[in-house]
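These notes concern the structure reproduced below.
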Amino acid sequence: MRTGATLVTVMFWFLCVAVPSQAQSSRSFTRQSVEADLTETFEILQRHHPNFSQHNKAADLRALYEELLDALPGTLSREQAYLSIATLVGAVCDEHTQVIKRRTDHTIMPSGWPWFDLQLMVRDGQLYVEDSKRKSKTQVISINGISGAMLADKLVASMPNDGCYEDGLLLVNGFLKVSGHIVMAALGSAGPYELVTQRAGATDRKTQTVPSSSSLKAKRGYRAFRKAQLWDLVTELQAQDFEPQELGKKLERADLSYFLSEPRDLAYLKVDSFRPPEKARKGIEQAMRDVIRRNPAALVLDFTDNPGGYTETAQFLMAFLLPRAHRLHSRAYRINIAKDLPESFTFRDKAAKDARNKDIRYFRKIKPRNGIRSTRMGRRSFGKPDYKGRIYILLSPESHSNAINVAANLKRLRNAVIVGNVTAANTLSVCAAAQGSFHLKYTKFILAVPELCYSSPENKFADRGTLHPDVEVDIFRWPLVNMNTMIMRAALDHWDANN
């Protein structure tokens, strides 16, 4: 788990290093108020989260909670309070379990660090930065005097992932609307920043002053980066004799891009997300019926950058790839069936409230075992024709949730070849998005806790249920703007070598 040696490091950092400057936040809290909110967080997680002890033992989580309490100083800045609670929340190892400072954190890019000029990432316990202009990576020795290794430990301890991060590449920008606030709280400064870096094999260190960035500039940087990344990918596809297929607005509404290569006899379908069924179904059906009509030797499904989305949409895509009725998960389960929630809870919207009430009525009929009410998920057939050729699935550290779940099922049921690189891609047990959030009394932080989770024990591909690519791509070797292109090229190389 994330405790042990890592926790000792984090506790030392929390007590001795993390003293945010007044430039970041002038608000402070007493130990008693943060202790109360930390306790409330722990109790909410225990009471509501079906996967509270799925990835780490309940006793270890309690030990972490108690050590966090012991580490609290007499007075805490807003950043210190946030990091304390985020460390506890991160130990649950579920990407939908999150704590944010305010409701707008999920809708705006965090300000402060220039996220897309100097992209941060963790690898092998060290923090690295990629200069987007020079397209080069260097190890971060420190930022504002805080050790890069300490910052890496804090990110690993607090980042919400499906399954606990153990190794591999952790991209800060891959989950920026959560990870960005963790970084900013850890740095404790709105900028500017003194960045000390060192190149691999070098003995000298470089020190530079990094100016702060606004939320608007971060948003523009995101758009520019994605545009450059897409341009690089499309340019490579066309160089590899893939032609775009113009099938109208339905594909765009479904977040799809569709290419064909006659020389290789391959189809390529990029699925950027699983949008709501009412937006996605027509586009998916149009693209997949065209694939089935043309019957290429292989279909490349590109899930790089796909954060997940609607389960029904993911199942609908799978209907064109499997010859029989199917399901994305084996069982659904929950522990809390109380209709009434604390006054501090706010639903995401009316649809979320109605969905929860419907779930409660259903699960109340199920007899609990060890406090868990579980039901088998039914298989579903959409009555669609199925593609019978080979399947390649492309994944990156920015592939999450149902992108990983679909890949796992197609690997098991269709022997799909997984190509790319993933971060903490657990396939055994995942949770649905939280239907609302709890507002902590003193810090006013917002805590999102899922109440419905799913299990798929048949998708056990490794000891800890982590999906590992069949063709692993070391994307650390390449500029991040070329990441998706390199993964796609690796799939083509694998196809060419085996056909």
Side-chain angles (χ1 to χ4, degrees), residues 23-25 78-79 82 86 95-96 98-122 127-135 137 143 151 155 158-160 170-193 195 209-234 252-253 255 257 270-276 279 304-309 348 396-401 403 423 433 437 445-446 448 479-485:
Q24 176 76 351
S25 173
R78 184 175 176 82
E79 286 68 40
Y82 177 74
E95 70 174 39
H96 290 120
Q98 303 169 5
V99 60
I100 57 178
K101 293 181 182 178
R102 54 190 181 275
R103 186 166 296 281
T104 55
D105 286 354
H106 269 316
T107 60
I108 63 173
M109 291 286 183
S111 59
W113 186 260
W115 307 106
F116 294 94
D117 294 331
L118 296 169
Q119 299 198 46
L120 298 171
M121 63 203 75
V122 177
L127 187 67
Y128 291 85
V129 64
E130 178 179 296
D131 187 317
S132 297
K133 292 181 179 178
R134 295 182 176 87
K135 297 184 178 181
K137 297 180 180 68
I143 302 177
L151 290 168
L155 278 164
S158 305
M159 275 285 290
L170 180 66
L171 300 179
V172 171
N173 284 11
F175 222 145
L176 189 56
K177 290 178 182 178
V178 177
S179 59
H181 294 283
I182 294 171
V183 171
M184 293 309 302
L187 291 177
S189 171
Y193 307 96
L195 172 65
T209 300
V210 177
S212 60
S213 175
S214 66
S215 178
L216 179 60
K217 187 175 180 180
K219 187 175 182 179
R220 289 172 177 167
Y222 170 80
R223 289 175 177 172
F225 176 75
R226 290 301 186 203
K227 184 177 180 180
Q229 199 174 47
L230 180 60
W231 176 263
D232 186 71
L233 177 63
V234 171
E252 184 178 335
R253 284 195 292 270
D255 227 3
S257 301
K270 183 165 176 54
V271 186
D272 286 327
S273 68
F274 295 112
R275 285 188 169 175
K279 291 184 177 181
T304 56
D305 306 334
N306 186 322
R348 188 173 65 243
S396 77
E398 296 185 347
S399 306
H400 297 283
S401 192
T423 301
S437 53
F445 297 155
I446 298 171
L480 292 177
V481 73
N482 307 127
M483 175 176 69
N484 296 346
T485 302

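Just so it is clear, the structure is predicted and the values come from calculations on it, not from any experiment. This chain uses plain numbering: 1 for the first residue, then up along the sequence.
- Taking all atoms of both residues into account, the shortest heavy-atom contact from Ser214 to Ser111 is C-CB, 3.9 Å.
- The distance from atom CG of Leu171 to atom CG of Leu155, rounded to the nearest 0.5 Å, is 11.5 Å.
- The side-chain hydrogen bond (donor to acceptor under 3.5 Å, both in side chains) search around Asp117 returns none, not counting sequence neighbours.
- Remark: the backbone N or O of Pro110 is paired with a side-chain donor or acceptor of Trp115 at under 3.5 angstrom.
- Side-chain contact check for Glu79 versus Lys101: some heavy-atom pair is nearer than 4.5 Å.
- To the nearest 0.5 Å, atom CE of residue Met184 and atom OG of residue Ser189 are 6.5 Å apart.
- Remark: Thr304 OG1 to Asp272 CG distance equals 7.5 Å, nearest 0.5 Å.
- Counting only heavy atoms from C-beta outward, the side chains of Leu118 and Asp131 approach each other to under 4.5 Å.
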- request: Show your working on side chain to side chain contact (heavy atoms under 4.5 Å, CB included) between Ile143 and Trp113 and close with a plain yes or no.
  value: CA-CA 11 Å; Ile143 302 177; Trp113 186 260; 3.9 Å; yes
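- Scanning for side-chain hydrogen bond (donor to acceptor under 3.5 Å, both in side chains) contacts around Thr485 gives Asp232, with sequence neighbours left out.
- Annotation: Phe225, atom CZ; neighbour count of heavy atoms from other residues, nucleotides and ligands within 6.0 Å is above 12.
- Side-chain contact between Ser132 and Val481 is absent, with no heavy atoms from C-beta onward closer than 4.5 Å.
- Here the CD-OG distance, from Gln98 to Ser158, works out to 12.5 Å after rounding to the nearest 0.5 Å.
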message: Set out, in order, the CA-CA distance, both residues' side-chain angles and the distance that settles side chain to side chain contact (heavy atoms under 4.5 Å, CB included) for Gln229 and Asn484, then state yes or no.
response: CA-CA 7 Å; Gln229 199 174 47; Asn484 296 346; 3.6 Å; yes
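- With hydrogens and angles disregarded, a donor-acceptor distance shorter than 3.5 Å links the side chain of Ser179 to the backbone of Val172.
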- prompt: Could you walk me through whether Tyr82 and Ile182 pass the side chain to side chain contact (heavy atoms under 4.5 Å, CB included) check?
  reply: CA-CA 8 Å; Tyr82 177 74; Ile182 294 171; 4.0 Å; yes
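- Residues Asp305 and Met483 form a side-chain contact, since some pair of their non-hydrogen atoms from C-beta on lies under 4.5 Å apart.
- Considering all non-hydrogen atoms of both residues, Ser401 and His96 come closest at OG-CE1, 3.8 Å.
- Taking both residues in full, the closest heavy atoms of Ser213 and Ala218 are given as OG-N, 4.0 Å, listed atom of the first, atom of the second, then distance.
- Of the candidates Gln119, Glu130, Glu398, Asn173 forms a side-chain hydrogen bond (donor to acceptor under 3.5 Å, both in side chains) with just one, namely Gln119.
- Note: Leu120 CG to Tyr128 OH = 13.0 Å, rounded to the nearest 0.5 Å.
- Ring geometry, Phe175 versus His400: the interplanar angle falls from 30° to 60°, so the pair is classed tilted.
- Pairs passing the salt bridge (Lys or Arg N to Asp or Glu O under 4.0 Å) check and including a residue from residues 214-223, sequence neighbours excluded, do not occur.
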query: Hey, mind stepping through Met159 and Thr423 against side chain to side chain contact (heavy atoms under 4.5 Å, CB included) and telling me if it holds?
result: CA-CA 11 Å; Met159 275 285 290; Thr423 301; over 6 Å; no
